[in-house]
Amino acid sequence: MVAVAALVAVPAVLQAWGYWAHPRINRAAVLALPTELRGFFYDHVDYVTEAAVMPDLRKHVLNDRTEGPRHYCDLEEFAKPVDQLPRTPEDAKIAYSDEVLNKQGRLPWHIQDVYTKLVNAMKERRKSEILLLSADLGHYLGDAHMPLHTSNNHDGQLTDQKGIHALWEARLPELFGSTYNFRIPTATVIADPVGEVWNILRSSHTAKDTVLMVDKKLRAEFGADKLFEKDENGVVKKNRYNQPYFTLAYATRFHTDLHGMVERRMRAAATATANFWYTAWVAAGKPDLDHLDSPALHQAAQPDLATELKLLETGKLVELSSSEF
């Protein structure tokens with residue numbers, strides 16, 4: 001926990017839902033687990049919540065060169081319909097070189113790799129690996145639900161819409177996430193995990209057209225002079241990531257005209273995360289994970305769990321700290 005907290009405190013270019021959304025996706029997923037698995041995960045809910053941003057920190061703080069391609073898949077660059085792409089990591093390695101996968105993205109195949117490792121860690125009841133892999137899996141599933149992570153036009157740079165990526169995934173959730181409903185269905189077993197990964201990618205890729213279309217329409221309506229906030233000298237303000245800071249009026253209208261898309265994608269990401277965790281546990285043979293912790297630790301967590309479940313009845317999560325966008 002200390003190591004995670006230290007990394008979280010480091011200013012970094014956090015992408016893929018930013019620091020606001022990823023922890024909340026994982027937190028909602030923990031609370032959606034069936035009771036037979038939720039106890040273990042809730043004993044470590046703070047770790048699973050905070051470690052949700054670890055893949056981004058490995059990429060941007062630790063400069064892990066292998067990390068970047070795991071966060072996206074530029075589907076257009078493969079020049080094939082989604083249904084004709086290699087389904088599994090093994091098939092992808094046969095079909096494409098490392099150079100191609102590193103350039104065009106590994107996201108759907110990396111999700112499968114992490115899921116398989118999680119199943120094995122659960123089988124062997126390796127506590128630290130279970131928690132780290134679970135947090136990572138939630139992160140990559142969150143990425144897969146972000147429409148622009150499935151496109152080569154990932155920041156609207158090909159259509160003169162730069163800045164849309166951070167606006168959609170970071171600023172909109174931070175501005176309006178307090179109104180979102182995080183109460184999701186209790187996790188169920190996924191019959192076909194490989195197929196479900198591709199269902200998610202297909203859904204996100206379809207949604208990216210709507211994201212770009214709505215933004216294009218609104219930019220024309222607002223005009224260039226009313227898109228970004230400016231300082232007293234008329235210079236466009238930049239956020240900590242050196243990107244233009246959209247006006248509150250524009251962000252509000254964009255959020256409204258997306259008709260709840262950001263909330264739906266966050267809820268879907270949390271639902272998928274809970275389902276994949278639960279499916280991994282079932283695939284591992286339903287090992288007894290509760291005995292990996294002391295009874296005292298489990299007992300101490302119960303009052304907080306009861307409080308969070310009561311709050312969740314209203315659709316809300318407990319207050320979490322988050323970095324300023």
Side-chain angles (χ1 to χ4, degrees), residues 6-25 52-65 67-69 71-72 74 105 139 142-143 146-180 208 210-258 261-263 265-266 320-325:
L7 281 174
V8 167
V10 176
V13 182
L14 297 180
Q15 298 177 351
W17 288 101
Y19 185 60
W20 196 93
H22 273 303
R24 287 163 177 82
I25 288 170
V53 300
M54 284 293 288
D56 282 338
L57 294 169
R58 288 197 295 266
K59 176 182 177 182
H60 295 291
V61 178
L62 301 181
N63 296 316
D64 183 345
R65 292 176 180 267
E67 188 63 50
H71 297 248
Y72 66 90
D74 293 343
H139 182 102
D143 285 4
M146 198 292 186
L148 296 175
H149 276 260
T150 70
S151 175
N152 58 358
N153 195 17
H154 56 86
D155 192 30
Q157 78 281 2
L158 302 180
T159 50
D160 196 26
Q161 295 174 265
K162 291 196 71 173
I164 188 175
H165 194 117
L167 172 64
W168 193 99
E169 72 177 9
R171 191 162 187 223
L172 294 188
E174 289 201 0
L175 284 173
F176 307 107
S178 62
T179 68
Y180 295 171
K208 64 93 180 174
T210 300
V211 174
L212 294 167
M213 179 186 68
V214 171
D215 179 67
K216 177 71 77 172
K217 173 178 176 291
L218 287 180
R219 287 184 190 231
E221 179 181 327
F222 271 68
D225 287 342
K226 296 182 180 179
L227 281 182
F228 307 117
E229 291 191 8
K230 300 176 182 178
D231 62 21
E232 61 274 9
N233 297 316
V235 177
V236 173
K237 293 181 179 180
K238 300 290 184 70
N239 60 27
R240 65 170 61 183
Y241 315 130
N242 198 35
Q243 296 170 323
Y245 204 89
F246 286 85
T247 65
L248 178 59
Y250 187 84
T252 300
R253 180 69 183 280
F254 185 44
H255 189 262
T256 299
D257 285 9
L258 286 172
M261 180 192 286
V262 180
E263 178 181 2
R265 299 310 290 171
M266 278 195 71
L320 301 175
S321 62
S322 63
S323 63
E324 178 186 350
F325 171 71

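- Taking all atoms of both residues into account, the shortest heavy-atom contact from Ser151 to Asp74 is O-OD1, 3.0 Å.
- Heavy atoms only, all atoms of each residue included: Thr159 and Gln161 are closest at OG1-OE1, 2.6 Å.
- For the atom pair NZ of Lys238 and CZ of Phe228, the computed distance is 9.0 Å after rounding to the nearest 0.5 Å.
- In terms of heavy atoms, His139 sits closest to Asp56 at CE1-OD2, 3.2 Å.
- Of the possible donor and acceptor atoms, one in the side chain of Arg24 sits under 3.5 Å from a partner among the backbone N and O of Leu320.
- Legend: salt bridge (charged side-chain N to carboxylate O under 4.0 Å, His left out) pairs involving residues 212-224, not counting sequence neighbours, sorted by first then second residue: Asp215-Arg219, Lys217-Glu221, Glu221-Arg253.
- For Phe222, the ring-ring contact (aromatic ring centres under 6.0 Å, His included) partners are Tyr250, not counting sequence neighbours.
- The side chain to side chain donor-acceptor pair (under 3.5 Å) test applied to Tyr180 returns His255, not counting sequence neighbours.
- Among residues two or more places apart in sequence or in another chain, the side chain to side chain contact (heavy atoms under 4.5 Å, CB included) test is passed with Asp64 by Arg58, Thr66, Glu67.
- For the residue pair Ala52 and Pro55, the shortest heavy atom distance occurs at O-CD, 3.8 Å.
- Rounding to the nearest 0.5 Å gives a distance of 5.5 Å between CG of Leu158 and CG of Asn152.
- Taking OH from Tyr72 and OG1 from Thr150, the interatomic distance works out to 13.0 Å, rounded to the nearest 0.5 Å.
- Asn233 meets the side chain to side chain contact (heavy atoms under 4.5 Å, CB included) test with Asp231, Val235; sequence neighbours excluded.
- For the side chain to side chain donor-acceptor pair (under 3.5 Å) with His149, the qualifying choice from His165, His154, His71 is His165, the only one to do so.
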Open item on the list: Could you walk me through whether Leu167 and Phe254 satisfy the side-chain contact (heavy atoms from CB on, under 4.5 Å) test, starting with their C-alpha distance in whole Å, then the side-chain angles of each, then the deciding distance to 0.1 Å, before giving a yes or no?
Closed with: CA-CA 9 Å; Leu167 172 64; Phe254 185 44; 3.5 Å; yes

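- Residue pairs meeting the salt bridge (charged side-chain N to carboxylate O under 4.0 Å, His left out) criterion with at least one member in residues 150-164: none, sequence neighbours excluded.
- One finds the CG atom of Leu172 at 11.5 Å from the CE atom of Met266 (value rounded to the nearest 0.5 Å).
- Across all their heavy atoms, Ala251 and Arg171 have their closest contact at CB-NH1, 4.0 Å.
- Remark: Thr210 pairs with no residue by the side chain to side chain donor-acceptor pair (under 3.5 Å) rule, at least two apart or across chains.
- Atom-to-atom distance recorded for Asp257:CG and Leu218:CG is 5.0 Å, nearest 0.5 angstrom.
- Of all heavy-atom pairs between Gly163 and Phe246, the closest is O-CE1, 3.5 Å.
- Between the Glu174 side chain and the Ala21 main chain, no donor and acceptor come within less than 3.5 Å of each other.
- The side-chain heavy atoms of Leu175 and Leu248, taken from C-beta on, include a pair separated by under 4.5 Å.
- Val211 is listed as a side-chain neighbour of Trp168, based on a closest heavy-atom distance under 4.5 Å.
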